[in-house]
Amino acid sequence: MILCAGECLIDMLPVTAQDGAAALQPAVGGAVMNTAVGLGRLGVPVEFLSGISTDAFGQQIKTHVTASNVSTKLAVLSDRPTTLAFVAVNNGVVSYEFYDENTAGRMINPQDIAAIPEDVSALFFGGISLISEPAADTYATLLKTHAAQHVVMMDPNIRPAFIADEHRYRARLAQMLSDTDIVKTSDEDLAWLFPEIPRIEDAIGALLNLGPKLVLFTEGAKGATAWNSQGQSLFVPAPKAKVVDTVGAGDTFNAGFLAALYDGQHLKKSKIASLSEAEIAKALAFAARCAAASVERSGAQPPWREEVQGG
């Protein structure tokens, strides 16, 4: 089983009403939740750990993840409000404005977390849940506690406008990355993490030096490259897709990559550093197909296993 620990929220998506007026449509979202849903739809046993509200939006979230074969047994329920993210899409590029004060997801503490099931083999972290306290510290503690025995994957998916205390966030992220096996990143993430290192290859080297065994660098419609701790790289092009929007594409990529490792029985601590070129290429290609299917629909809607060619 894979445990996805992090945020869930409601994306307020821009739409056009029947009378032509601009409107907003609520849709279930959140980077970590999207990855959990992606895994569930790909047939991978997955548990979702987050703070979920008992309000109407929280019920919408639970219904959505359950329908995608995601277990919420470890979810921390409260009557605090659900986090909202107002989404803007310009020429296919997505930006967000978050409302997260005193929410169910943000206010979870380490003592709220139940014991992790013995059948969990990997943990996934990322998104805005790594920024705001106390949730960010809770997830950092969870990662630190279980990193020695479990494969850990992280997608920081950095949102600079959401970071209130850059010093604390950088320190927390660096500590978490040192205990992480697989990191998914982008040019925007690397520019924020290593502003003094303009060359992508050098920034990826700096990221690997923090401790990860494998870095996945995604470039949207171009494709993705995996870099191992020896500095070797492998590129896989992205399939062609008719882009509707890119909401949740990176999260779906994460799910596809983890699903491929699960399928190949590679989710073992000792295995990640020694994955063969063929094993990495297969996982990258499957992740890219999943992401391509996702961008052809509106909102974060990862594909089901039968919808992905070659799955």
Side-chain angles (χ1 to χ4, degrees), residues 2-13 26-40 46-55 57-66 68 70-72 74-78 80-87 94-110 112-113 123-143 152-165 168-169 172-173 176 180 184 189 247-255 258 299-302:
I2 296 175
L3 172 63
C4 293
E7 81 269 14
C8 56
L9 49 81
I10 294 295
D11 284 323
M12 303 300 290
L13 302 174
V28 176
V32 178
M33 189 222 66
N34 290 338
T35 295
V37 167
L39 285 165
V46 57
E47 180 73 43
F48 180 52
L49 192 167
S50 185
I52 301 180
S53 177
T54 55
D55 66 13
F57 285 142
Q59 291 300 317
Q60 185 178 346
I61 289 169
K62 284 199 71 176
T63 298
H64 176 70
V65 298
T66 301
S68 296
V70 178
S71 171
T72 58
L74 296 181
V76 180
L77 303 180
S78 78
R80 298 179 185 275
T82 297
T83 299
L84 301 180
F86 287 81
V87 182
V94 182
S95 60
Y96 301 84
E97 185 172 354
F98 295 95
Y99 290 79
D100 191 42
E101 290 297 323
N102 201 40
T103 60
R106 179 173 179 173
M107 300 308 294
I108 63 171
N109 289 281
D112 297 324
I113 308 301
L123 294 90
F124 176 83
F125 299 88
I128 65 167
S129 56
L130 305 184
I131 299 175
S132 299
E133 302 163 3
D137 289 333
T138 299
Y139 294 125
T141 298
L142 180 66
L143 187 155
V152 176
M153 180 173 177
M154 182 193 299
D155 178 3
N157 198 14
I158 297 168
R159 306 292 183 190
F162 193 64
I163 301 168
D165 190 331
R168 286 180 64 85
Y169 176 57
R172 182 187 303 110
L173 202 56
M176 296 180 76
T180 296
K184 198 271 278 184
D189 288 342
V247 177
D251 310 325
T252 302
F253 181 94
N254 295 331
L258 282 170
Q301 289 294 337

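In this text the structure is predicted, and so the values were computed from the model without any measurement.
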Main-chain N/O of I108 paired to D112 side chain as donor or acceptor, under 3.5 Å: no
Closest non-hydrogen atom pair, A5 against L142: CB-CD2, 3.9 Å
Test: R168 and E133 ion pair at under 4.0 Å: yes
Side chain to side chain, I113 and L74, heavy atoms closer than 4.5 Å: no
Short side-chain to backbone donor-acceptor contact, T54 and S78, under 3.5 Å: yes
F86-F98 aromatic ring centre distance below 6.0 Å: no
Side-chain touch T35/F253, heavy atoms, less than 4.5 angstrom: no
Results of side chain to side chain contact (heavy atoms under 4.5 Å, CB included) for A31 - residues two or more places apart only: E7, N157, D251
Considering all heavy atoms, the nearest A75-I52 contact: CB-CD1, 3.8 Å
T83 and D100: side chain donor to acceptor below 3.5 Å: yes
Candidate pair M12 and V87, rule side chain to side chain contact (heavy atoms under 4.5 Å, CB included), full reasoning: CA-CA 6 Å; M12 303 300 290; V87 182; 5.9 Å; no
Side chain S53, main chain R80, donor-acceptor under 3.5 Å: yes
Name of the residue among T82, D55, T72 meeting side chain to side chain contact (heavy atoms under 4.5 Å, CB included) with I61: T82
For P156 against K184, the heavy-atom pair lying closest together: CD-O, 3.4 Å
Non-hydrogen side-chain atoms of V37 and M33 separated by less than 4.5 Å: yes
Close side-chain approach of Y139 to S50, heavy-atom, < 4.5 Å: yes
Non-hydrogen side-chain atoms of R172 and D137 separated by less than 4.5 Å: yes
Test side chain to side chain contact (heavy atoms under 4.5 Å, CB included) applied to F124 and D155, step by step: CA-CA 8 Å; F124 176 83; D155 178 3; 4.0 Å; yes
Heavy-atom pair with the smallest gap, counting every atom of D11 and V28: OD2-O, 4.4 Å
pair S71-F48: side-chain heavy atoms closer than 4.5 Å: no
Side chain proximity check, L130 to M154, heavy atoms < 4.5 angstrom: yes
S129 side-chain N/O to G126 backbone N/O, donor-acceptor pair under 3.5 Å: yes
Heavy-atom pair of closest approach, residues G29 and N34: CA-OD1, 3.7 Å
L143 and V152, any side-chain heavy atoms less than 4.5 Å apart: yes
